[in-house]
Structure formats: C-alpha cells, structure tokens
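Here's the structure we're looking at; comments come further down.
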Amino acid sequence: MFPSAAVQAIPKDALEEKEQKAFYRPHPLDLKQQHMAAPAPPSPSRPRSPWGRLDPYESDEDNKEYVGFATLPNQVHRKSVKKGFDFTLMVAGESGLGKSTLVNSLFLTDLYKDRKLLNAEERIVQTVEITKHVVDIEEKGVKLRLTIVDTPGFGDAVNNTECWKPVSDYIDQQFEQYFRDESGLNRKNIQDNRVHCCLYFISPFGHGLRPLDIEFMKALHQRVNIVPVLAKADTLMPSEVERMKCKIRDEIDHFGIRIYQFPDCDSDEDEEFKQQDEALKDSIPFAVIGSNTIVEMKGKRIRGRLYPWGIVEVENPMHCDFVKLRTMLVRTHMQDLKDVTRETHYENYRAQCIQSMTRMVVKERNRNKLTRESGTDFPIPTTPTVPDLETEKLIREKDEESGY
C-alpha cells in the first residue's frame, strides 16, 4: 500500500475531465497504474519524423491537430525506393564525337566493353542500327535501371536521306508497346521502356548546325526530350565555344526546334537553387568533354585528358560543362524528364491512337449502315476485288459528310 500522504481524493468533476482528455484509454484512470507503470520504450522500427517537436508520432494529448498523415511523404519514399526507378537515355550523333566515352563518364561504368570498331570499308555500307545496353546501378540504397539506346551508323553514310527514320520508329514502337500494356488486362508490372531523354551530339568542326542536325531535331522534337550537346569542347578555345553556343541557340530558334525546356523555379525555392537552374539554362548546348582515364596532377588523381600543353579536367567547370550536364541529367531534372515524357509526348501519341481508333470505328459503322441500306446480306469489304462504283461513291459522300 502507498502512504496516506501520497493518496489523495480526486473530485468527481476532475476525474471526468481527465477521462475526456485521455480519449485513448478504454478504462477509468487507476492511481496504482499511474504510480507503478513504466513508460513504454519507443519502437525501434518507427521512422523518425523530420518535424522535430511536432512529430505526429509523439504528439501528446494536448496536440490533437496532428492525426498522422504528415508521414505520407515518408511512405511514398519507402515505396518508391523499394520498387526502384527506370530511366532510358538515347545518344545520337555521328561517329567519332565521343558518345560512348561521355556515357561511361556520366555513370562511371563501362557499357561498351564488347563493342567492335568498324574500319572505313565497313562504315560505307553500314546502316543505322538501334542497340540497347541495360545496367543496374545502386547508390545509397536507391536502385536505378538505366537503359542506354545507341544509334551506330547515324550520319556516317554518303547519302543520309531520312537516316533518322529508324530512330523515330524505335521511339514510336516503345510508345506503342507501353500503350498496349497499359490497355491490357494485367497492368501491374508494366515495363517502362519509353525514351525519356535524347542527347544529340553536335560536331564542333563546323559553323553551327548542319542540315542533318536540323532535320533530325525537327523530326524528333515532338517525340522525345532533346538535349543538344556540343561534343569535344577541348578542340575549341573558350571564346569559340561561346560563339558556337550562341550560333546554335539562334539557329534552334530560327528553325522552330523545340528542345527540352527547363521548368521555372517556384517562388519558395532558395537562391542557391535558382542560381543553379539559371546557370543550367544558360549552358545550352552543353559543351562537354569525356574521359575514362585517370591522370595525376600535383599529387591529385583526376579524370581528364593529357595533352602536350597540359591536362583537361573533365569535372572542372572552367574547362567544360560536364558537371552541369551530369547535375541536370542525374541530380535535378531526371524526374522532370520522365514527367514531360509521360504527360506531353506519350499523351500526344496516345491521343492520336485513340483518335485513329475512333475514326476506324465510325468508318466501319458507316459501311455497315450503307450495307444495310443497299439491301445486301454481307458487309462491303474494305478493298473489294470487284469495285462497285455506286457503292464507293456513296461511301465517299458519307465520309465527306462525317468529316473523314
């Protein structure tokens, strides 16, 4: 028993008020349990909240405004990390501009170790091919399934008329496959192979965009996010790089090419992020240098290219825009590239498919209606073996009335 000094009579009104506050207790308050029960230790599996003292898990009985849905971002984060992420990157441009080296430098991997280099005679008869390289990357527990789509043979032939056609057909095939999977019965495990970004390499040995560059980007800018890249920037002086960038930007605006547009920053973003976003916008097209070798300079091991006159550092912002391109592609705008692909390019393709299907249904319905009106017992074929001029005339008139 407790000493008499410790046990005091509690008024009835105070007891009822205390019971209303302790809404989670199913029984009236027991004094013995109040003195003898030890506080329950916190669960080790419960995630800590970033809200500090306003932790919804630790809200006392006076903070009734916190229900617990403030942890929804944590739940989405855990679910996304468990599922993993997909990203498909396409690289396009003529041979010899350093596409393979740049991709290996971006993701610190060797995707082209089994590649066979062609000689001059084999390149003459080579056509544009589509090759895929898939690699699983993990960083701090986050898994990324990276797919690199390469276009060997692009721009290498003597006659490059419509050499971008296999590239555009491949992008449309991935849209079609995703549309079929999305319209199927089982939509749980849909593999997203849509191309989210296309790095187009522009040759530095010229005076701006070539006709092939213009035709390629005009043919694909409504299908994929195009990010222009000025290849082999170490072959140009800094003044030449700036002049080349201005020339390329002017020609892109002149020919109405819609490259990937960086989203505007929100008003609540910090100044550092706004400055970084503005620097990325001003760097288009990115002047890049790729290297897979490690060189030593003043006791430091860096990635770069060694020349008789000095060393070009790949990750030095004063030498090239490699760090800016990697920041945009990996750290800041990867999700936005995927969102634009889903909400703009894929939705446009999906709307065209649904519109075409609707037109086919309306045409078939009109044909069946004409068949019934003509009194025949069989439907009129789409391509009749023996043309019926009267029937074809009626069909054309119906199509013109319907707007088809």
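Keep in mind that what you see is a predicted model, and the values were worked out from it rather than measured.
Without hydrogens or angle criteria, Gln355 side chain to Gln352 main chain gives no donor-acceptor distance under 3.5 Å. When atom types are taken as modelled, the side chain of Ser291 and the backbone of Gly304 share a donor-acceptor pair closer than 3.5 angstrom. With hydrogens and angles ignored, the 3.5 Å screen pairs no side-chain donor or acceptor of Ser80 with any backbone N or O of His77. A side-chain donor-acceptor contact under 3.5 Å links His345 to the backbone of Gln222. Listed for the Ser105 side chain is no donor-acceptor partner under 3.5 Å among the backbone atoms of Gly290. Between the Lys324 side chain and the Ser283 main chain, no donor and acceptor come within less than 3.5 Å of each other. No donor-acceptor pair under 3.5 Å is formed between the side chain of Asp213 and the backbone N or O of Leu209. Not one N or O on the side chain of Ser183 forms a donor-acceptor pair closer than 3.5 Å with the backbone of Arg180.
Counting non-hydrogen atoms of other residues, nucleotides and ligands closer than 6.0 Å to CZ of Arg342 gives a total above 12. Heavy-atom neighbours of Glu139 CD from other residues, nucleotides or ligands within 6.0 Å: at or below the threshold of 12. Environment of NZ in Lys274: crowded, with over 12 heavy atoms of neighbouring residues, nucleotides or ligands closer than 6.0 Å. Residue-environment remark: NZ (Lys281) exceeds the threshold of 12 foreign heavy atoms within 6.0 Å. The environment of CD in Gln191 is crowded: more than 12 heavy-atom neighbours from other residues, nucleotides or ligands sit within 6.0 Å.
Heavy atoms only, all atoms of each residue included: Ile257 and Lys218 are closest at CG1-CG, 3.7 Å. Minimum interatomic distance between Asn292 and Thr101 (heavy atoms only, all atoms of both residues): OD1-O, 3.6 Å. Shown here for Gly98 and Phe201, the closest heavy-atom pair between the two residues is O-CE2, 4.1 Å. Scanning both residues, Asp86 and Asp192, for their nearest heavy atoms gives CB-O, 4.3 Å. Considering all non-hydrogen atoms of both residues, Leu230 and Pro204 come closest at CD1-CA, 4.1 Å. Nearest approach of His319 to Glu313, heavy atoms of both residues: ND1-N, 3.0 Å.
With hydrogens and angles left out, the side-chain atoms of Tyr349 and Asp172 include no donor and acceptor closer than 3.5 Å. Looking at Gln75 and Thr71, their side chains do bring a donor and an acceptor atom within 3.5 Å of each other. In this model, a donor atom of one side chain and an acceptor atom of the other lie less than 3.5 Å apart for Asp181 and Gln177. Asn225 and His221 share no donor-acceptor pair across their side chains, judged by distance under 3.5 Å alone. Between the side chains of Asp169 and Gln173, no donor N or O sits under 3.5 Å from an acceptor N or O.
In this structure, Tyr307 and Trp309 have parallel ring planes: the angle between them is below the 30° cut-off, well short of the 60° mark.
Summarising the geometry, atom CG belonging to Leu280 is positioned 9.5 Å from atom CG belonging to Asp321; distances are rounded to the nearest 0.5 Å. Annotation: the span from Lys132 atom NZ to Ile148 atom CD1 amounts to 11.5 Å, rounded to 0.5 Å. Note that the OH atom of Tyr346 and the CZ atom of Phe179 stand 6.0 Å from one another [nearest 0.5 Å]. Once rounded to the nearest 0.5 Å, the distance linking CG of Asn348 with CZ of Arg223 reads 11.0 Å. Put simply, SG on Cys197 and CG on Leu337 are 5.0 Å apart, with the number rounded to the nearest 0.5 Å. Going from atom CG of Asp336 over to atom CE of Met328 covers 10.0 Å, rounded to the nearest 0.5 Å.
Cation-pi geometry between Arg194 and Tyr178 is met: under 6.0 angstrom from the ring centre, within 45 degrees of the axis.
Residues Met244 and Pro285 have side chains not in contact (no heavy-atom distance under 4.5 Å, counting atoms from C-beta outward). With a 4.5 Å cut-off on side-chain heavy atoms, Tyr200 and Val227 do not count as touching. At a threshold of 4.5 Å between non-hydrogen side-chain atoms, the residues Val229 and Val91 do not count as touching.
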Test Phe154 against Phe216 for ring-ring contact (aromatic ring centres under 6.0 Å, His included), laying out the working first. CA-CA 10 Å; Phe154 176 82; Phe216 176 87; 5.0 Å; yes

Would you please test Phe262 and Tyr260 for ring-ring contact (aromatic ring centres under 6.0 Å, His included) and show each step? CA-CA 7 Å; Phe262 290 89; Tyr260 172 69; 5.4 Å; yes

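A salt bridge links Arg210 with Glu94: the closest approach of a Lys/Arg side-chain nitrogen to an acidic carboxylate oxygen falls below 4.0 angstrom. A salt bridge links Glu251 to Lys247: one of the charged nitrogens lies within less than 4.0 Å of a carboxylate oxygen. A salt bridge links Arg303 to Glu315: one of the charged nitrogens lies within less than 4.0 Å of a carboxylate oxygen.
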